[in-house]
2 protein chains.
Amino acid sequence: MQTTLAPIEAPFARPQRLVPAAPAAATGQRIADRLRLIETVLAPKRRIVHAGDVIYRSGEAFSHLYLLNSGLFKLLSVSAEGREQVVGLKFRGDWMGFGAIAKGAYACDAVAMDTAEVWTVPYDELLRACAAHPALIEIVHEAMSSEIMRDRDSLTAMSTLPADARVVAFLHDWAAALADRGLRADQFSLRLTRAEIGNYLGLTLETVSRVLSKLVREQLITFNAPSRRDVCIPDFDALALFVQRRAARDLH
Amino acid sequence: MQTTLAPIEAPFARPQRLVPAAPAAATGQRIADRLRLIETVLAPKRRIVHAGDVIYRSGEAFSHLYLLNSGLFKLLSVSAEGREQVVGLKFRGDWMGFGAIAKGAYACDAVAMDTAEVWTVPYDELLRACAAHPALIEIVHEAMSSEIMRDRDSLTAMSTLPADARVVAFLHDWAAALADRGLRADQFSLRLTRAEIGNYLGLTLETVSRVLSKLVREQLITFNAPSRRDVCIPDFDALALFVQRRAARDLH
DNA sequence: CGAACGGTTGAGAGAACTCAACTGAAGTGG
DNA sequence: CCACTTCAGTTGAGTTCTCTCAACCGTTCG
């Protein structure tokens, strides 16, 4: 797979994600609390969007951050030649647009995959509000920090995991993201095509399809109805274990 | 390589990097300016470290950010089993520790690869200073934003580029990082072993070695002395072109 | 001098990709 | 209402790329 400097374990093992069985009472509470604070302090403009709607486009001047209150977004890095690369998936409570601060322009397209509610936060207004509300700055830093960690984990997964473990880690993280938000994680609809999943994971759509078929054979997942997009995950921890085993494999 | 949603070009093409021929007068000025501001506002504690020294370790409680004033650092994600993964390389002007804000603990080891000067910035002090100096907050946000973008670009490269282009992109980015800091970019010493480069890029050390040999044959690089770590890059733009071509290859 | 280490190179194996055929579902127009 | 098309998905066969295993070289260091 790649060069081993020393033995490694599950690279996708994000501490917060590996504790999916959070007390039901607290499930999704942190995220909701933060949203409420943002709401009261900033009174952001709310906006309902539908699948396919684009919040910002690559190249546009940066001015706003966006906070997802519901729904699902994908971030697409679009090259000059028009090829697209999925570089991120955003759930409720996630911010969009952090990457644009440094360059003063968005570097990707933010596309809704669903009916969603987006809160619009003018960046300069946010900065002013930060001066008045110290808690705000910490929330923003925490969100950026999380994004950095998530990217880093993805990078590690990409460089250490074989195809099947990558797909499993993807499912695991998706389920964990839902669980974090208090949504049911044992059964959900992937809203991406095989091509999009493959694009995101650095695999071909055929490989993704083959892996999913294999996972069904191995009973790690099942599909509801013939749609083949509604996944059931009978044993969440088995996913993490699969990834771990697969990563451990090449340490002899 | 991976699923194509639409045609793509060079994924490593980071706008700021693709303009390496910055006016000599301004070269490295932005970074120096920011360092100077931090220095005057925060008066951070300076610290000289040597190759192999560790600034923080995975698992330690988060309390400080670190700003690199000179030298080179690597960030190592270390698993429970002790296997290491290079997840980042830091140059002068780069911050270390952003990833730790969210979880309150560092998730990787920061290891000096060189004699280096590190500035120590207590995070709570930084937050207080931000309230007084609005410019400071923008600098920090910009640094975090840059890190997000860099990770995202690496992810794209990992998922779209074949082995040779990945190595070339790595050299290109290294040279660009040096150029950004006013250092000579046409000739420099890679301070990583083949194993470390491979680990970072998700390749084996043998593949890295083979690619480098091929690049020498194709005159994209040369080595100084038999050390095989001192690289000459006769034509910087040729590197970007190589990556671009290699990425464009699979769009038929 | 011998051991350890970084690096190079070759041969064979294995993983993922490409190309291609096929299915089923959904949508369109006659 | 039913051909016809399109699109997502599955599966197979062959190819290609990268990895694994191995031998070997040169340098450094005890």
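Small disclaimer: the values here were computed from a predicted structure and weren't measured. All chains are named by letter (A, B, ...) in the order of the sequence lines, taking the proteins before the strands, and each is independently numbered beginning at 1.
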How are the rings of W174(B) and F188(B) set to each other: parallel, tilted or perpendicular (split at 30° and 60°)?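 Answer is parallel, since the angle falls under 30°.
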Angle class for the Y200(B)/F170(B) ring planes (parallel below 30°, perpendicular above 60°, tilted otherwise)? perpendicular
Please report the C-alpha distance between Q85(A) and T160(B) in whole Å, then the side-chain angles of each, then the deciding distance to 0.1 Å, and finally whether the side-chain hydrogen bond (donor to acceptor under 3.5 Å, both in side chains) criterion is met. CA-CA 9 Å; Q85(A) 167 76 23; T160(B) 60; 5.5 Å; no
Please pick, from [options], the nucleotide with the shortest atom-to-atom distance to any side-chain atom of [X].
X	options	value
L203(A)	dT18(D), dG9(D), dC17(C)	dC17(C)
F223(A)	dA22(D), dT10(D), dC17(C)	dT10(D)
R229(A)	dT9(C), dT18(D), dA8(D)	dA8(D)

Integer-rounded Å distance: [N] [atom2] and [X] [atom1]:
X	N	atom1	atom2	answer
E206(B)	dT9(C)	CD	P	13 Å
K214(B)	dG7(C)	NZ	C1'	19 Å
L205(B)	dT9(C)	CG	P	13 Å
D230(B)	dT27(D)	CG	P	14 Å
N199(A)	dC17(C)	CG	P	12 Å
R191(B)	dG7(C)	CZ	C1'	18 Å
L212(A)	dG9(D)	CG	P	9 Å
I197(A)	dA8(D)	CD1	C1'	11 Å

Looking only at side-chain N and O atoms, does [X] come under 4.0 Å of OP1 or OP2 in [N]?
X	N	answer
R194(A)	dT10(D)	yes
T207(B)	dC19(D)	yes
T204(A)	dC17(C)	yes
S213(A)	dT11(D)	yes
R228(B)	dG26(D)	no
R210(B)	dG10(C)	no

Do the non-hydrogen side-chain atoms of D173(B) and D153(B) ever get within less than 4.5 Å of each other?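 No, every pair of side-chain atoms sits at 4.5 Å or beyond.
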Kindly say whether A157(B) contributes a backbone atom to a donor-acceptor pair with the side chain of R166(B) at under 3.5 angstrom? no
